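Everything on this sheet refers to the single structure shown next.
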Amino acid sequence: MPPPGTRWIGTSWKMTKSLAEARRYATALTDAARPGRWTGLQPFLIPPATALTTVRDALPLSAGVLLGAQNAHWADSGAWTGEVSVPQVADAGARLVEIGHSERREHFGDTDDVVHRKVRAVLRHGLVPLLCVGEPASVRAAGGSVEHVLGQARSALAGLDDASSVLVAYEPVWAIGEHGTPARPDDVAGVVAALAAELGSRIQGVLYGGSVDRANMHELLAVDHVSGLFVGRAAWDVDAFVAILDGAAEA
Ligand code: 13P
């Protein structure tokens with residue numbers, strides 16, 4: 001685990017990029033990752049499962065970029081057609097596994113119980129869970145954001161003896177994606193403060209994600225208790241990701 005105070009800055013490619021595109025991105029990121037350039041940061045990159053080994057092979061450990069998977073099943077192996085397990089993504093190079101992204105909760109049946117089982121599986125194999133939580137717009141409008149998000153986090157981490165490697169990403173559903181409304185720092189501060197107050201001593205840190213880009217990254221990174229950023233679209237171009245990393249390193 002990186003030292004306390006490290007800022008985690010990463011991107012998920014979601015369901016984008018061919019292998020050729022993945023290789024070009026990883027090679028360019030490797031070239032950009034000069035020693036000392038991103039001091040104080042822990043960059044991470046979460047390709048689709050198809051591209052994990054391609055990225056791993058193009059991105060040497062010396063580049064200092066942690067690789068992740070977008071999802072993994074709770075079982076280690078077996079008859080689960082279409083799924084990949086934590087040992088499989090670890091074998092392919094992942095050191096971090098994203099669990100419970102709102103797109104999975106909405107479209108793929110990742111209930112709180114499923115999320116909990118997946119977090120346990122990631123921890124059992126010694127990888128870092130990147131647990132995504134966030135409220136839909138209707139919950140925000142009704143003033144229930146904090147309770148909703150704390151409920152998701154409590155359920156995911158219930159009964160765990162050691163959650164010290166867990167990263168929580170606060171990603172309000174209404175702020176994610178091309179139809180999302182970018183959050184303002186005030187929208188983020190209360191929820192992140194509540195997560196930090198309840199879980200801060202148990203987990204590794206709280207990241208913010210949802211329509212983060214080069215224009216709003218500084219104000220979001222400056223919110224109390226935000227220890228990193230989880231970027232989607234704005235980092236799908238490697239030069240843009242490098243610019244975001246440079247911006248965070250300067251902050
Ligand atoms: P966007 O930055 O594209 O809104 O996506 C955020 C996200 O879901 C990261 O996981």
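Indexing begins at 1, ligand by ligand and atom by atom, following the structure's order. It should be emphasised that the depicted structure is a prediction, and the values quoted were computed from it without experimental measurement. Scope of the values below: all heavy atoms of this structure, side chains included, with no hydrogens, waters or symmetry mates.
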Look at [atom] and say which protein heavy atom is nearest, naming residue and atom and giving the distance to 0.1 Å.
| atom | result |
| --- | --- |
| atom 5 (O) of ligand 1 | K14 NZ, 3.3 Å |
| atom 3 (O) of ligand 1 | R233 NE, 2.6 Å |
| atom 8 (O) of ligand 1 | H101 NE2, 2.6 Å |
| atom 9 (C) of ligand 1 | E171 OE2, 3.2 Å |

From the candidates G209, G177, A175, A234, the one that places a heavy atom nearest atom 4 (O) of ligand 1: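 Minimum heavy-atom distance to atom 4 (O) of ligand 1 goes to G177.
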D237 versus Y25, closest heavy-atom pair with distance: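 So the two residues come closest at C-CE1, 3.8 Å.
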Minimum-distance pair of heavy atoms, taken over all atoms of V226 and R7: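 Closest pair (atom of V226, atom of R7, distance): O-NH2, 4.4 Å.
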E178 and ligand 1 - part of the residue with a heavy-atom distance under 4.0 Å: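 For E178, there is no contact with ligand 1 at all, from either part.
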Test item: Q204 side-chain N/O and L167 main-chain N/O as donor-acceptor pair under 3.5 Å: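 Flag not set: sc Q204 to bb L167 has no pair under 3.5 Å.
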Side chains of [X] and [Y]: donor-acceptor distance under 3.5 Å anywhere?
| X | Y | value |
| --- | --- | --- |
| T54 | R23 | no |
| H101 | N71 | no |
| S164 | D162 | yes |

Cationic N near anionic O, under 4.0 Å, E98 to R104: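 No, this pair does not count.
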Atoms of ligand 1 close to S211 [distance to a heavy atom under 4.0 angstrom, numbered from 1]: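 With S211 as reference, the close atoms of ligand 1 come out as 1 (P), 2 (O), 4 (O).
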Ligand-residue contact atoms, ligand 1 with I176, heavy atoms, under 4.0 Å: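 Once the distances to I176 are compared, the set is 4 (O), 8 (O).
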Close N or O approach (G232, ligand 1; < 3.5 Å):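 The answer is yes, given that G232 and ligand 1 share an N or O pair closer than 3.5 Å.
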